[in-house]
Amino acid sequence: MTIRIYSTLTRTKADFRPLVEGKVGIYVCGPTVYDSAHLGHARSAITFDVVRRYLTYRGFEVRLVRNLTDVDDKIIQRAHKEGSEWRKIAERYAAEYSRDMGDLGLLPPTVEPRATDHVADMQALIAVLIERGAAYAVNGDVFFAVAAFPAYGRLSGQEVSQVRAGSRIDVDERKRAPEDFALWKSAKPGEPSWPSPWGNGRPGWHIECSAMAARHLGVPFDIHGGGSDLVFPHHENEIAQSEAATGSTFARIWMHNGMIRVDQEKMSKSLGNFSTIHELLGVHDAETIRAFLLGQHYRSPVDFSMMALEESRRALARAYSTLARVDRGDWGRRPGGAGRAGADATAASSDWLEVERTFQAAMDDDFNTARAIGVLFEAVRSINRLADVSSEADSGGCVRAREGRELVAKLGGQVLGVLQGDAQAWLERDRDRRSAQMGLDVTWVEEQLLARAQARSERRWADADAIRSTLARRGVVLEDRPGATTVWGIADAEPDAPTKDA
RNA sequence: GGUACGGUACCCAAGUGGUUAAGGGAGCGGUCUGCAAAACCGUUAUUCACCGGUUCGAAUCCGGUCCGUACCUCCA
């Protein structure tokens, strides 16, 4: 089975054949480091983290390049506003981004190039463009001449005439045509600048990606990724610059992730409706955020809400409790559960080889993580069924359940970055976090548990139940396990009722 | 105005020509349990915004209508 990938360039899925057998080069547009990263940045990064992980799982040697734009108008503005130095701003937010991505469980990119380390590469590229007549210098600025690149607009489906009709284009007398864009900006007082053949200045935004991709992957390369809001003009301009300069294809496949929406609007800095990654990680586990994002296809817009995140948390908690159950060898408590039909279903769905094949088929189809997660949840149910009907720890059913547990952890962990690590520890962290959020006195809960255990051992059921109700009113739910042990957890909030915080 | 993408159950969501329309959340009924919880079983879309058309066959293709979102030089 071959992997099929949707390319924005062709608007269709096609079989993936890398340029070099067994190897894949990917370039993803990273952030401009002028402020904290929000969920939208996380989505893009996680999308391509999973692309990379899956291709690696399928045996490819992946080289992932994700840049940092560390010189830009917004960085300079921010520095002026804070009375700071632009390099310090860039440094601060680059470090924060790196920390956030690590916290979200992203594998570090193979290379994380910075624009300021590639100014010479950009200048060389600009020089070639001027030499070829695709760019022109005017008083220290250099512009790309869109007219010199007839294929301009192919990626976004825009026509130059229509672009020109757009009212948002800056009128700039120095440009030959309104759609031309800056490759090099002449230095202004108080702004960072580098010497160049056209005078002191700094690079335009688009040229950095062309230069860094060429430097770290060579041209052409396999996959270029980024948010769908970058299709026009950023990626369109990258193509124009790179292909006008080299005469060759730039990126073979263009992948774009969809935007995050809040109340039917795009989450963005300018609208102010964003949640930073750091804030979200204060409320939810990284894997919950990953599961939420990966629960829908990467190209679709996703509507963000705290309720939706909470649903993902519950789903993940269910999977984790199954893994933990297998780990502690909790077998055969409800032999009647599955029934005849259930037993057949179990046999069919606990064919782990088949499960892995189905998972692969989902991921092969343009990285359909939503379907892949569905496969994992079906496996979780099978594991529970097996555990329900099997009792001897060395019986076939228990062995199969353990194998299933390993498979779920392997696929989830290696490919999606969820369900990795110790299941019991995840559940405990989840409980601790939620009890803290509710302001629950854990010591008091433990005392109640002891009192109830005493009552139960004396068969004072009414007293035991009274304690259960008292705890329930505080949102604590009890689970009596085999033996004399009782574990406690936090009850799920009513779906429609807002969470009480008083 | 131009360019794309989308509208599937109570909610989220996968499915883009053909067996019972994934999965998750929520609800309800049941098994199990001292009572519970968890888990499991069953159940909640004869139907995929609406109207036409193509086809032996359509959620899926085509045309139209309505609604939503994004992009059109700040954006992941």
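Here is the naming used below: chain letters follow the sequence lines, and residue numbers restart at 1 for every chain. Excluded from the calculations below are hydrogen atoms, water molecules and symmetry mates; all remaining heavy atoms, backbone and side chain alike, are included.
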So, [X] and [Y], do they make that salt bridge, N to O below 4.0 Å?
X	Y	result
A/Arg202	A/Asp73	yes
A/Arg325	A/Asp388	yes
A/Glu354	A/Arg357	yes
A/Asp365	A/Arg4	no
A/Asp480	A/Arg452	yes

_Selection: residues 39-47 of chain A, any non-hydrogen atom under 4.0 Å of RNA chain B_ = A/Gly40, A/His41, A/Ser44

*Taking RNA chain B as the partner, which of residues 464-477 of chain A come within under 4.0 angstrom of it by heavy atom?*
A/Asp465, A/Arg468, A/Val477

*Does OP1 or OP2 of B/G24 have a side-chain N or O of A/Arg381 closer than 4.0 Å?*
yes

*Should A/Arg318 be listed as having a side-chain N or O under 4.0 Å from OP1 or OP2 of B/G24?*
yes

*B/G57 and B/U65, which share atom name P, separated by this distance in whole Å*: 26 Å

*Considering only the P atoms, how many Å lie between B/C41 and B/G7, rounded to the nearest integer?*
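Here B/C41 and B/G7 have their P atoms 30 Å from each other.
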
Counting any heavy atom closer than 4.0 Å, what does [X] reach on the DNA or RNA strands: base, sugar-phosphate only, or nothing?
X	answer
A/Leu230	sugar-phosphate
A/Ser156	sugar-phosphate
A/Arg313	nothing
A/Lys266	base
A/Asn257	base
A/Leu376	nothing
A/Arg459	nothing
A/Gly258	base

*Mind checking what makes ring pair (Phe, Tyr, Trp, His ring centres under 6.0 Å) contact with A/His41, not counting sequence neighbours?*
A/His38

*With sequence neighbours excluded, what pairs up with A/Tyr34 under the ring pair (Phe, Tyr, Trp, His ring centres under 6.0 Å) test?*
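Result, ring pair (Phe, Tyr, Trp, His ring centres under 6.0 Å) vs A/Tyr34: none returned.
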
_Base-paired stems that RNA chain B participates in, counting runs of 3 or more Watson-Crick or G-U pairs under 3.5 Å_ =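 Stem segments, range with range: B:1-7 with B:66-72, B:10-12 with B:23-25, B:26-31 with B:39-44, B:49-53 with B:61-65.
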
_Nucleic acid footprint by protein, nucleotides 5-20 of chain B - heavy-atom cut-off 4.0 Å, B for base, S for sugar-phosphate alone_ = --------SSS-----

Do the rings of [X] and [Y] sit parallel, tilted or perpendicular, given the 30° and 60° boundaries?
X	Y	answer
A/Phe292	A/Phe304	perpendicular
A/Phe232	A/Tyr152	perpendicular
A/Phe149	A/Phe144	perpendicular

*Would you say A/Phe377 stacks on B/G23, if stacking means ring centres under 5.5 Å apart and planes within less than 30 degrees?*
no

